[in-house]
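Just so it is clear: chains get the letters A, B, ... in the order the sequence lines come, proteins before strands, and each one is counted from 1.
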2 protein chains.
Amino acid sequence: MTAIPTLGRLPAADGAIQSGGSRERIERIYAVLRKRICLLDYAPGERLREETLADEFDVSRTPIRRVLARLEDEGLVRSVHGVGTIVTDIDIDALEQVYQLRVELAELIGKLSPVRPDAQKIAAFQTLLARCETLVATPDARKFAEINMDFFHLLNSLTANEPLRAISELLYYQTTRIWLKTASRLESYQAVLNAEITIFHREMADIVAAVEIGDLEVVGHIRRAHISMSFLRLRDSAHADATRTGDD
Amino acid sequence: MTAIPTLGRLPAADGAIQSGGSRERIERIYAVLRKRICLLDYAPGERLREETLADEFDVSRTPIRRVLARLEDEGLVRSVHGVGTIVTDIDIDALEQVYQLRVELAELIGKLSPVRPDAQKIAAFQTLLARCETLVATPDARKFAEINMDFFHLLNSLTANEPLRAISELLYYQTTRIWLKTASRLESYQAVLNAEITIFHREMADIVAAVEIGDLEVVGHIRRAHISMSFLRLRDSAHADATRTGDD
DNA sequence: CTGCGTGATGTTGTACACAACAATAAAATC
DNA sequence: GATTTTATTGTTGTGTACAACATCACGCAG
């Protein structure tokens, strides 16, 4: 079903997840599952069995259900009695509203309680930019998604407004899967991937430059523009592909 | 502890909550508990026993825990192992960031997918305005909070952007308790209540007028201004009161 | 009288058995 | 042979017993 090459074994599961209190454990399981969903390790429509997950993480169904309940409240899965817990399917049109909101929030990060980036943070941006440059050399969809995710978290840390951070994160995780899913269906998959990585690299360079001089408002403006354009490109290519293959 | 006069029996519990599927039942319990928290039926710091709630709603602890988990994720309660589920305490300073965000989102409701109000919706606004006028005549803190809540939901229905609605609601329920809590501690409780109701009535009249001519951008601007000013008034009176009684 | 340890009590977290429900396949009936 | 009915299997939702943990009271030594 998925054109994304995934490996048989999923990363970071029952290894060193035991330590810490019960809250930390649940938080870690939550983070792992959310990441898997967003990187399409779990494809939209896939059924997640609670007991399978319980076995993998070496707990009972109870804490797993706690995690799945949160993922359901956040719109990433949907549990159906007697059937299973299904990873929600998504399409670009349904996510348009989320994108519109993300565009606005991106600008707010530079306005509401911006934190002046210190040397360490700037270094983190530069490191990420370097990773992105190796990505341009050897394009890979999954690596692209991962760098994109790290980049988001780094940007999100530029505001001290906690609720804004939380909400931006929520919306990010609702939308980020759509790129991998849509792109993987395209005929011109490799070409689109290369083009998108190039554009992303340019955006990142621009933003890192703005971060270096400490102008977070500019960062907000750049991000706003890029999120908006990224959505439009995605929608266009998705619709073009849909009409080519015979609509719906 | 609370200066708000509450009655012995809490409304809307085990009566007609049985009907519907399991999801609807959980949703209803959630709504009831959330409302109780926001109207200070459960005061900040109060301990909610899972088994007590389970008895009241005539279910086991399991679905109650499902609801409490969501309330915890939304920041209204916090479960502590071996202690209890405690209604989160709040103070005006901690909520400043939430208010800043709400101010921005209020404006977005008029911008993102605004829905032209039909006759029925306008009528709902006018009905609410009438309720507010009776409130001016006979001030009552709890009724004020309830009308405020209804007003919020009505305003929130003016955008078709679902994620924006959900997030606005989330932030609203995080902040709305602070007014009742702060006001109830004030020396000049009655005077502040009367003044606040008068201001609220004026805001409502302005907004209803803007709704009637269908200008949702203006609605957004008015709300933005009022949320902002309301917060400032609250913070000032809270701090003035704190210094008067000896800081802390 | 104070400080510390220890047991009793109460509450949430976990695990597990079972009920409710959905889907599929098999079988019976027309 | 097609269709309806029924049985079987698989999954989530619920209830409940028990474990883990925190708190408080009580006793006891200093």
Side-chain angles (χ1 to χ4, degrees), chain A residues 13-14 17-33 36-37 42-89, chain B residues 1 13-14 17-34 36-37 42-89:
Chain A
D14 43 14
I17 216 161
Q18 307 287 5
S19 63
S22 72
R23 180 142 324 183
E24 287 78 5
R25 182 176 62 181
I26 283 181
E27 195 67 30
R28 248 170 296 188
I29 296 176
Y30 164 76
V32 169
L33 293 189
R36 286 181 185 172
I37 291 172
Y42 298 143
E46 186 169 342
R47 261 181 33 210
L48 308 180
R49 286 184 61 256
E50 293 177 353
E51 199 155 354
T52 305
L53 293 172
D55 290 344
E56 187 195 353
F57 291 101
D58 204 43
V59 293
S60 81
R61 281 177 55 208
T62 308
I64 295 293
R65 285 180 59 76
R66 172 74 172 82
V67 169
L68 291 179
R70 179 167 172 194
L71 289 171
E72 179 167 15
D73 289 335
E74 295 176 354
L76 296 183
V77 303
R78 175 160 180 84
S79 291
V80 183
H81 191 180
V83 178
T85 300
I86 289 115
V87 178
T88 53
D89 201 353
Chain B
M1 187 60 76
D14 43 15
I17 216 164
Q18 308 287 5
S19 63
S22 72
R23 180 144 323 188
E24 286 79 3
R25 182 176 62 180
I26 284 180
E27 194 68 30
R28 250 172 292 187
I29 296 176
Y30 164 76
V32 170
L33 292 189
R34 186 177 65 168
R36 286 182 186 171
I37 291 172
Y42 298 144
E46 185 169 343
R47 262 182 33 212
L48 307 180
R49 286 185 60 260
E50 294 177 353
E51 198 154 356
T52 305
L53 293 172
D55 290 344
E56 189 197 350
F57 291 101
D58 203 44
V59 293
S60 82
R61 281 177 57 208
T62 308
I64 295 293
R65 285 180 59 78
R66 172 75 173 82
V67 169
L68 292 179
R70 178 167 173 193
L71 289 171
E72 179 167 14
D73 289 336
E74 295 176 353
L76 295 182
V77 302
R78 174 158 180 86
S79 291
V80 183
H81 191 180
V83 178
T85 300
I86 289 114
V87 178
T88 53
D89 201 353

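Every residue was checked against the salt bridge (Lys or Arg N to Asp or Glu O under 4.0 Å) condition with A/Glu46, not counting sequence neighbours, and none meets it. With sequence neighbours left out, B/Ile26 forms a side-chain contact (heavy atoms from CB on, under 4.5 Å) with B/Pro63, B/Arg66, B/Val67. Evaluation of the salt bridge (Lys or Arg N to Asp or Glu O under 4.0 Å) rule for A/Arg70 yields A/Glu27, A/Glu74 as partners, not counting sequence neighbours. For B/Thr52, the side-chain contact (heavy atoms from CB on, under 4.5 Å) criterion is met by B/Arg49, not counting sequence neighbours.
Between the side chain of B/Ser79 and the main chain of B/Thr85, no donor-acceptor pair closer than 3.5 Å is present.
Here the closest heavy-atom approach between residue B/Val83 and residue B/Arg47 is recorded as O-NE, 3.6 Å.
Contacts of A/Ile64 with the nucleic acid, taken as non-hydrogen atoms under 4.0 Å apart, are absent.
Under a 4.0 Å N-O distance rule, the pair B/Arg65/B/Glu50 qualifies as a salt bridge.
Counting heavy-atom neighbours within 6.0 Å of B/Arg34 CZ, excluding the residue itself, gives a total above 12.
In this structure, CD1 of B/Ile86 is placed 10 Å from C1' of C/dT12, rounded to the nearest angstrom.
When DNA chain D is scanned 5' to 3' for any atom under 4.0 Å from a heavy atom of chain B, the first and last hits are D/dG13 to D/dA22.
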Just by protein heavy atoms under 4.0 Å, how would nucleotides 13-24 of chain C read 5' to 3' in B, S and -?
BBBBB--BBS--
